[in-house]
Amino acid sequence: MISREEVEHVARLARLTFSEEELVRLQQELGKIIGYINQLSQLDLSGVEPTFHAVRLINVLRPDEPQPGLTQQEATANGPVVEAGQFVVPRIG
Amino acid sequence: MTGLTESADCAVQQNQGGLDVTKLTAFACRELLASGEVSAVELTRAYLARIAAVEGAVQAFLLVDEAGALAAAQAVDAKPRQERGPWEGVPIALKDILCVKGVETTCASRILKGYVPPYDATVVARLRQAGLIFLGKLNMDEFAMGSSTENSAFKVTRNPWDLERVPGGSSGGSAACVAASEAPWALGSDTGGSIRQPASLCGVVGLKPTYGAVSRYGLVAFASSLDQIGPLARTVRDAAALLELIAGRDPRDSTSVGLPEPVGLPEREDLKGLKFGIIKEFGEGVCQSEVLEVFGRAVAAIEHLGGNCEEVSMPSLERGLAAYYIIAPSEASSNLARFDGVRYGYRAPGCQDLYEMYVRTRSEGFGPEVKRRIMIGTYALSAGYYDAYYAQAQRTRTLIIREFAEAFGRYDFLISPTSPTVAFRIGERVADPLAMYHSDLCTIPVNLAGLPGLSLPAGFAQGLPVGLQIIGPHFSERRLLNAAYAIEQALAVEVAAPVERLAAEEANL
Amino acid sequence: MTFELLEGWEAVIGLEIHVQLKTRTKMFCGCEVTFGEPPNTHVCPVCLGHPGVLPVINQKAVEYAARIALALGCRIPSRTIFHRKNYFYPDLPKAYQISQYDLPLGVDGRLEVELDDGSTVTVGIVRVHMEEDAGKLVHAGGASGRIDGADYSLVDFNRGGTPLVEIVTAPDLRTPEQARTFLTQLRSLVEQLGVSDVNMEEGSLRCDANVSVRRPGEPLGTKTELKNMNSFRFLQRGLEAEIERQILALEAGEQVVQETVHFDPVTGSVFPLRSKEEAHDYRYFPEPDLVPIELSAEYLETIRKNLPELPQARKQRLMEQYGLSRKEAATLAFNKSLADYFESLAGVTGDPRVSVNWVLGDVSAYLNANNLSAADFPLSPESVAELIELVRSGRISGKIAKEVFEEMLSSGKRACLIVEQKGLKQISDVGALVEIITKVVAAHPGPAEEFRQGREKVLSFFVGQVMKETKGQANPQLVNQLLRQYLSGQLKGNGPGEVENLG
């Protein structure tokens, strides 16, 4: 129901990595689940609007007024690696 | 709720010189504090002692904040009684999916181990403002994904009615905590049944409010269009009071509207003139016969109270599970992408470059169920699949909403068993995700439609709790809780699990 | 700098512009929008993407975005929603950007662009939409501060969450110069709306381009996305380089690959960014934490009514009201402060022709040389008007006026004062002039004879000599007239005081 290549592709999109055994099992499990959810694609719902919000609301906006935020200390307190008040990440390129 | 008190059931038995919390509702706690019979510190100590006594068996808590709780209790005691709010000094425990400023919040995940939120969730701020005492953070399925709390990265919570069985999930810690009297009440969250199903399995009251009644700001998001925070409690009145404390429109949550009217103290005594629709699709063939038997007795009780019950067929609901297992993982895959090791939480050590950091952090930090759902969600949203999956699921959702709306044109409430089965054994379903997903069959459509749903203890099958699910139209919490109250009084089911006895038996084995 | 397209080829260019709005707070939270502040000092749990946070839309940002959309002639659909654009990058705290996808704020607009040669080109505006900005990444440890070779990077989220408006044009531009002119005029328009500083150096205006080439009449070629041009000049150079690269490739028999191309400001060249990662799959879906926006007709009408006079309209009015040429009117209309200055000056002098000559001439030269806007021009319209009046009344010559102008700028003194102090008054005293003329003609008998023989051109030589003698202060028209008379014998210059036959 889902190919090994697709599983690997989706894993890359999701920034996840799996061992060989995990991939094999995942392919099976996902295949089953996708097979199950595929039942919806058989329904002809062409005239039906999708519902993105269960309760209908529009125009929820806020005024352009400053609100207190965090200090640099508070902002970086949970950072795994911090330097000069900024979050450090390893080589991108 | 000022001025309203509940006088009936605050019978307090002094047990060996200590307070017997297994007999206390939140209202009872409030009474004791108001009368001065007990101080906030004494009350908090009593619950901490209870936790110390039974946590070894129950494992409901990820964190018990003894120091914080006592400090807060002391602050309450320092205030003259006349100046206190009605709920000041009453303890509560919170599912570890709610951000509490300065207190580690993990969502039962390794990827958030050590994360200390710099802010309070809105509901937490409201409870803090009302003077409630936070006992600690409760165990859950990792990121609320699960129906048994076995997906917690840290521990397995056990059902206080049978320690070898699951408490349900994902708010398993919340339900077990209340059933074991470790707190008079607790907050949980519900995306596909995560309050109601554990409430059913643990024999307590659990309410998922209408979508938008309670602010989601500070609730770590699983599925944004489905998540709601709600109360787990021993009684309907307690649940109503806790709902009132947390509900309300929040400018920080664009999807919140609050409740249109105060819930008040539920006091309905009969169900005359009310029509109940029994959802046919959640009956035979789906639910265990033992569960249906207990359910049948509840239906009889409803009719005895003057309510009119008849079967109603709602075929679109059968598609609910499939729609849910597209919508929820899709939204979750996006909501959980922020866990990338950059700004907080776990970061895999020794990574050479950014890509490696992302994949190793996330693969090491997330548990298998979370990764599975992220994969499903990413797949369903990926190029070429959006319309066949996500959009199609949202169209299915429209059909479900329509069908509910149509049914509420004829019935005041819809009912069913909350869970197809009683609590299953720990380890029984972990190998089969799809089987695990079926635990939520009866509860999921309620989230898809954004309706309020309550689970009420209805009785026992093989010594294990069975819950009755009552569903109301949008924003009908007041009527819903009143109807539930009447049924609760009629059924009079015991909610305090005999945890010590079970723990002792286990110790003797 | 002109760029000549290689023969037989046509370039097709579309632009993607990002405008940073100058609201007080960010798009989805109450943090202040700032620039140049210490890192991570204007952030909150929302714009840091902490667990559990939710966005709330800034109503001013919506208003500003609507202004832009309406000023560009867009249609505003009855309902607009936000989408999540999902991808992983360290400057994106939620790992998705809240943006707009298939229901943007504005569609189907246009902007008429005045080209240098006086022609116009209408550029379609495909869409205008709202989104939030990412944080700022600084690459450390490498040589040039660039991403390649950097050991690690630092992230500052102060900028993260700032409201952006994205404007996407149709591929209606045909040359790099057109693109640059378009951007210049778009920038001016947006600035006049008061919604952004639109400063490319500061990053409040950004522009990427989509470029392809084809033989005229043929279908569109493969387009590339050209990025990293952060000035108007670089935009033009980048486009020139990319167009050339594509043409050379095609002429060599290669294919143009659809990819992102990076402009290098140091070398002026472009190179494809061959990323080892997958092409982005953004997995767009409607933002579940936000509800739709439906702008009423009344609301839009209020915004429309309050739009300032836009450049096209101003251009028309300047032409009609002041009799300016199309080119003059366009130059002014797309430079608001300059146009404001012109209209003030014309109001004082009552002479639009002279005023526009000064404004587009000496004033603009000064502003350009000093990189100033007319709003910062040190001389008020009144003081320049005073100078103009001195010329008009004949007290000084036009040439001297230029000197006085320079002096006004450097000394800050008034025109009258400078003329007095430097004795720059135009010499219009006939007697004095005749005396000088006599001297000059006597010194050049040859040319004098040539003039008498009918060589008109020689006159200007003599005028020049007289001007030289008088250090430019002689009234040139009078000199001209007197010289003629003198050389043709109508006038006898014997000495001071002797004057005959002044016609």
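Order of the sequence lines fixes the chain letters, A, B, ..., with proteins taken first and strands second; residue numbering starts at 1 for each chain.
For the pair I57(C) and R62(A), the minimum side-chain heavy-atom distance is 4.5 Å or more. Side-chain contact between L61(A) and I293(C): present, with at least one pair of heavy atoms (C-beta onward) separated by less than 4.5 Å.
Put simply, the side chain of D156(C) never gets that close to the backbone of Q86(A): no donor and acceptor are under 3.5 Å apart. With hydrogens and angles ignored, the 3.5 Å screen pairs a side-chain donor or acceptor of D64(A) with a backbone N or O of T25(C).
Contact annotation for V46(C): neither backbone nor side-chain heavy atoms come within less than 4.5 Å of a heavy atom of chain A. For a residue to count as touching a neighbouring chain, one of its non-hydrogen atoms must lie under 4.5 Å from one of that chain's; by this rule L154(C) touches chain A with backbone and side chain alike. Proximity to chain A (any heavy atom under 4.5 Å) is shown, for Y87(C), by neither the backbone nor the side chain. Only the backbone of E287(C) comes within less than 4.5 Å of a heavy atom of chain A; no side-chain atom from C-beta onward does. In this structure, the portions of Q59(C) lying under 4.5 Å from any heavy atom of chain A include both its backbone and its side chain. Residue C29(C) touches chain A through its backbone alone, counting heavy-atom pairs closer than 4.5 Å.
Nearest heavy atom pair, residue A14(A) against residue F88(C), reads O-CZ, 4.0 Å. Here the closest heavy-atom approach between residue N59(A) and residue E294(C) is recorded as OD1-N, 2.8 Å. Closest of all the heavy-atom pairs between A84(A) and P39(C) is O-CG, 3.6 Å.
Counting non-hydrogen atoms of neighbouring residues, nucleotides and ligands closer than 6.0 angstrom, the OH atom of Y101(C) reaches no more than 12 such neighbours. For K136(C), the NZ atom counts as loosely surrounded, since its 6.0 Å shell holds 12 or fewer non-hydrogen atoms of other residues, nucleotides or ligands. Heavy-atom contacts from other residues, nucleotides or ligands closer than 6.0 Å to CD of E301(C) number more than 12.
Between chain A and the options H50(C), H42(C), R283(C), heavy-atom pairs under 4.5 Å are most frequent for R283(C). Taking V60(A), V81(A), L57(A), V89(A) one by one and counting their heavy-atom pairs under 4.5 Å with chain C, the maximum is reached by V89(A). When each of Q73(A), E74(A), E83(A), R56(A) is checked for heavy-atom pairs under 4.5 Å with chain C, E83(A) comes out on top. Chosen from P292(C), S153(C), P45(C), the residue pairing most often with chain A at heavy-atom distances under 4.5 Å is S153(C). The residue among Q67(A), E65(A), H53(A) with the most heavy atom pairs within less than 4.5 Å of chain C is H53(A).
Between F157(C) and F87(A), the distance from one ring center to the other falls under 6.0 angstrom.
Rounded to the nearest 0.5 angstrom, T80(C) OG1 and I58(A) CD1 are separated by 12.5 Å. Residue L137(C) holds its CG atom at 4.5 Å from CD1 of I92(A), rounded to the nearest 0.5 Å.
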